[in-house]
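Note sheet for the following structure.
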Amino acid sequence: MLIRKPADLRYSDVTPKQLYINRRRFLAAGSAIAGAWALPTPAGATMKLNNVVKSAYKVDEKITPREDITTYNNYYEFGTQKEDPAHYANTLRPSPWQVQVGGLVNKPKTYDLDSVMKIAPLEERIYRHRCVEAWSIVVPWIGFPLAALLKDVEPNAKAKYVAFQTLYDPKQMPLGNRAGIELPYVEGLRLDEAMHPLALLAVGLYGETLPNQNGAPIRLVVPWKYGFKSIKSIIKITLTDKQPPTTWNISSAREYGFYSNVNPAVDHPRWSQASERRLGELFKKKTLMFNGYPEVAGLYSGMDLRKNY
Ligand SMILES: Nc1nc2c(c(=O)[nH]1)N[C@H]1C(S)=C(S)[C@@H](COP(=O)(O)O)O[C@H]1N2
Ligand SMILES: [Mo]
C-alpha cells in the first residue's frame, strides 16, 4: 500500500501526538479504499441519553470530533498508549454499577446508576478539557453538578476535602499491572472546589452514555484543572478532613501537585505549559489561565499558585 504524507505534516512544530492523529485520519481515509487497515474497535456500546437540557455552560469554540475524543485517551488501566483504551476498555463492565458516597457526611449512601442519574437534571455542557501533556479538546459532556450529589449526602462541618476512587478490578483491567502507576487511581478536590458549579459528574458525551474509554459509567470533569484530575469510572467518593492522596502526585510529586490548575505561567518540569494543541488542529494556541474559566479564581485568592501547582 502506498503511504503518502499529507502535505500538512511538513510543519516542523507538529508534535508526535498531532502526527499520530493526522496520520490515523490519513490511514483511515486510505483504508476506506484499500480496506487493508484495522480501525480501532469502539469499546463497548453506548446508548442515547434522553431528557438532557442544554446548559448555559458552553464555550463558543469548535467541538472536537467524537472520533478524536473517543480514540485518543488517557486511561492507564487499559494501556498507556493513547490508542489503547479504545482497543482494550471493552472489558470494563459499566453496568450494574454502584457509587459509594461516605466519610464525613450525615447521610452516607450507595447509589446505583439509576439513582445517581436522578440526583439532578442531566445537562449538556460544552467544556474545554486540557491534558497536562499540552493537548486539548472541546467536549459536549452530559452530566450534573458534583455539588448536587454532595448536598444529597450532607457533608458535615469537619469535611474539608473530597476523595475519589476509580474501580480497580484486574479481571476487567488486565493491563492494569503494566500501568506504571499505583492502582486504584485516586484523585481529590478541596470541598469548595468540589462545590463549584463548574465541577461536573459526567455520565455521557455527544448525546450518549460514556464510552468505556472515556470513563464509563460516571467520571469527574473539572474543566479548569489538568485532565488527570478528571478521574474516570468512579466507585467511591469520600469526604475527609485531610488532603487526600492523588495518583499522579504519588507517582511524581515534583511534576504533579494536588491543585493542578491549568496555569500557563507554571511550566511542567519537562515541558512548557504556555500553549496547547487542539486535537485535529495544526497550530498551537495559547493556554489560558484556569483553562479559560476565570470564575474559579476566587477559590485560590491569597494562594501562591507557583507553590500550589
Ligand atoms: N481512572 C483513570 N482516570 C483518568 C486517567 C487514568 O489513567 N485513569 N487519566 C486522566 C488523564 S491524564 C486525562 S488527560 C483524562 C483523559 O480523559 P479523556 O480520555 O476522556 O479525554 O482522564 C483522566 N482520568
Ligand atoms: Mo492527562
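Atoms considered below: every heavy atom in the structure, side chains included; atoms not considered: hydrogens, waters and symmetry mates. Keep in mind that this is a model prediction, so the values were computed, not measured. When a ligand or atom number is given, it counts from 1 through the structure's own listing order.
There is a side-chain donor-acceptor pair under 3.5 Å between Y259 and R190. R219 and S233 share no donor-acceptor pair across their side chains, judged by distance under 3.5 Å alone. In this structure, a donor-acceptor pair under 3.5 Å is absent between the side chains of T110 and Q98. For the residue pair Q172/D169, the side-chain donor-acceptor check at 3.5 Å is satisfied.
Judged by the 6.0 Å and 45° rule, R277 forms no cation-pi pair with F283. By the 6.0 Å and 45° rule, K229 stacks over the aromatic ring of F258. Both tests hold for R125 against Y57: distance to the six-membered ring centre under 6.0 Å, angle to the ring axis within 45°.
The contact set between ligand 1 and C131, taken as ligand atoms under 4.0 Å from a residue heavy atom, comprises 14 (S). Here is the list of ligand 1 atoms found below 4.0 Å of a heavy atom in R219: 15 (C), 17 (O), 20 (O), 22 (O). Every atom of ligand 1 with a heavy atom of T166 under 4.0 Å away is listed here by number and element: 1 (N).
Using a 4.0 Å cut-off between charged nitrogen and carboxylate oxygen, E61 and R278 count as a salt-bridge pair. A salt bridge links D152 with K109; the closest basic N to acidic carboxylate O contact falls under 4.0 Å. Using a 4.0 Å cut-off between a side-chain N of Lys or Arg and a carboxylate O of Asp or Glu, E255 and R270 qualify as a salt bridge.
With respect to atom 21 (O) of ligand 1, the closest heavy atom belonging to the protein is H129 NE2, 3.3 Å. Summary of contacts: the protein heavy atom closest to atom 24 (N) of ligand 1 is S230 O, 3.0 Å. The protein heavy atom nearest to atom 9 (N) of ligand 1 is N74 O, 3.2 Å. Of the protein's non-hydrogen atoms, E77 OE1, 2.8 Å is the one closest to atom 8 (N) of ligand 1. Looking only at heavy atoms of the protein, atom 6 (C) of ligand 1 is closest to Y185 CE1, 3.3 Å. Here the heavy atom of the protein found nearest to atom 18 (P) of ligand 1 is K232 NZ, 3.4 Å.
If you look at F78 and Y75, their ring centroids are closer than 6.0 Å.
Looking at N73 next to ligand 1, an N or O pair under 3.5 Å apart turns up. Geometrically, ligand 1 and W141 share no nitrogen or oxygen pair separated by less than 3.5 Å. Residue-to-ligand polar distances place Y76 within reach of ligand 1: an N/O pair is separated by less than 3.5 Å. Of the N or O atoms in Y72, none lie within a sub-3.5 Å distance of an N or O in ligand 1.
Remark: distances from the non-hydrogen atoms of E187 to ligand 1 are all 4.0 Å or more. Judged by the shortest distance from any of its heavy atoms, I137 lies inside the 4.0 Å radius around the atoms of ligand 1.
With a heavy-atom cut-off of 4.0 Å, F228 touches ligand 1 through backbone and side chain alike. Counting heavy atoms under 4.0 Å from ligand 1, residue K229 does not touch it at all. Under 4.0 Å from ligand 1, not a single heavy atom of E133 appears.
Under the ring pair (Phe, Tyr, Trp, His ring centres under 6.0 Å) test applied with H268, the options F228, W248, Y226, Y256 reduce to a single match, Y256.
Taking each of P85, G227, S233 in turn, the one with a heavy atom nearest to atom 15 (C) of ligand 1 proves to be G227.
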